[in-house]
Amino acid sequence: HNVGQGLQFHVDLQGEYLNKAKISEGGKKLRKNWTSAWVVLCSGELHFYKESKQEALANLKPGCKPDGVNLCGAVIEWTSEKSSRKNVFQITTRSGDEFLLQSDDYATISKWHDAIKRAVDRSSSG
Ligand code: I3P
């Protein structure tokens with residue numbers, strides 16, 4: 001739409017608050033617990049931060065934190081069955097972890113869905 005869109009897109013993927021629920025770990029179902037998380041997509045990994053935006057950004061400075069979600073071989077899909085919330089998509093990692101990400105704002109969650117899907121495609125094609 002506008003000239004600033006490319007920059008805005010880049011900046012937003014450096015971090016934004018989304019609603020997150022981890023529903024499985026290693027294929028084992030967990031009790032769902034939605035929390036607000038500061039989400040960062042970096043080098044084919046997804047990082048969740050609980051702390052403030054300032055702290056998250058400070059921690060990021062030297063590079064990416066090592067404990068991110070590895071998106072290589074992950075499956076990304078919209079779901080209307082895993083939650084009563086709107087605008088939910090699921091990330092299933094190769095190791096069998098399942099995450100739901102959600103935002104009430106469709107444009108926001110759609111942007112993250114697309115960016116994460118692109119990261120998966122990149123990491124899976126070598
Ligand atoms: C869950 C909580 C979640 C809800 C989940 C409930 O209850 O209400 O918000 O998920 O539904 O089980 P509790 O807090 O007692 O664990 P959604 O908001 O995504 O619908 P679910 O069991 O159908 O996943």
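Counting starts at 1 for both ligands and their atoms, in listed order. Atom set for the values below is all heavy atoms of this structure, side chains included, hydrogens, waters and symmetry mates excluded.
- Minimum interatomic distance between Val39 and Trp112 (heavy atoms only, all atoms of both residues): O-CH2, 3.1 Å.
- For atom 12 (O) of ligand 1, the nearest protein heavy atom lies 4.0 Å away or farther.
- Taken together through direct or relayed side-chain contacts under 4.5 Å among Ile, Leu, Val, Met, Phe, Trp and Tyr, Val75 and Val69 form parts of separate hydrophobic clusters.
- Side-chain contact between Trp34 and Ser83 is present, with at least one heavy-atom pair separated by less than 4.5 Å.
- For ligand 1, the atoms lying closer than 4.0 Å to a non-hydrogen atom of Ser84 are 17 (P), 18 (O), 19 (O), 20 (O).
- Of the options Glu81, Gln102, Lys32, Arg85, the smallest heavy-atom separation from atom 23 (O) of ligand 1 is shown by Lys32.
- Protein heavy atoms are found less than 4.0 angstrom from atom 17 (P) of ligand 1.
- Within the 3.5 Å criterion, the main-chain N or O of Gly26 finds a donor-acceptor partner in the side chain of Asp97.
- Scanning the protein for heavy atoms near atom 19 (O) of ligand 1, the closest one is Ser83 OG, 2.5 Å.
- Considering only non-hydrogen protein atoms, atom 15 (O) of ligand 1 sits nearest to Arg31 NH2, 3.0 Å.
- Taking 4.5 Å as the limit, some side-chain heavy atom of Glu16 sits within range of a side-chain heavy atom of Thr108.
- Residues Phe48 and Lys22 form no side-chain contact, since every pair of their non-hydrogen atoms from C-beta on lies 4.5 Å or further apart.
- For ligand 1 and Trp34, the ligand atoms under 4.0 Å from any heavy atom of the residue are 9 (O), 10 (O), 17 (P), 18 (O), 19 (O).
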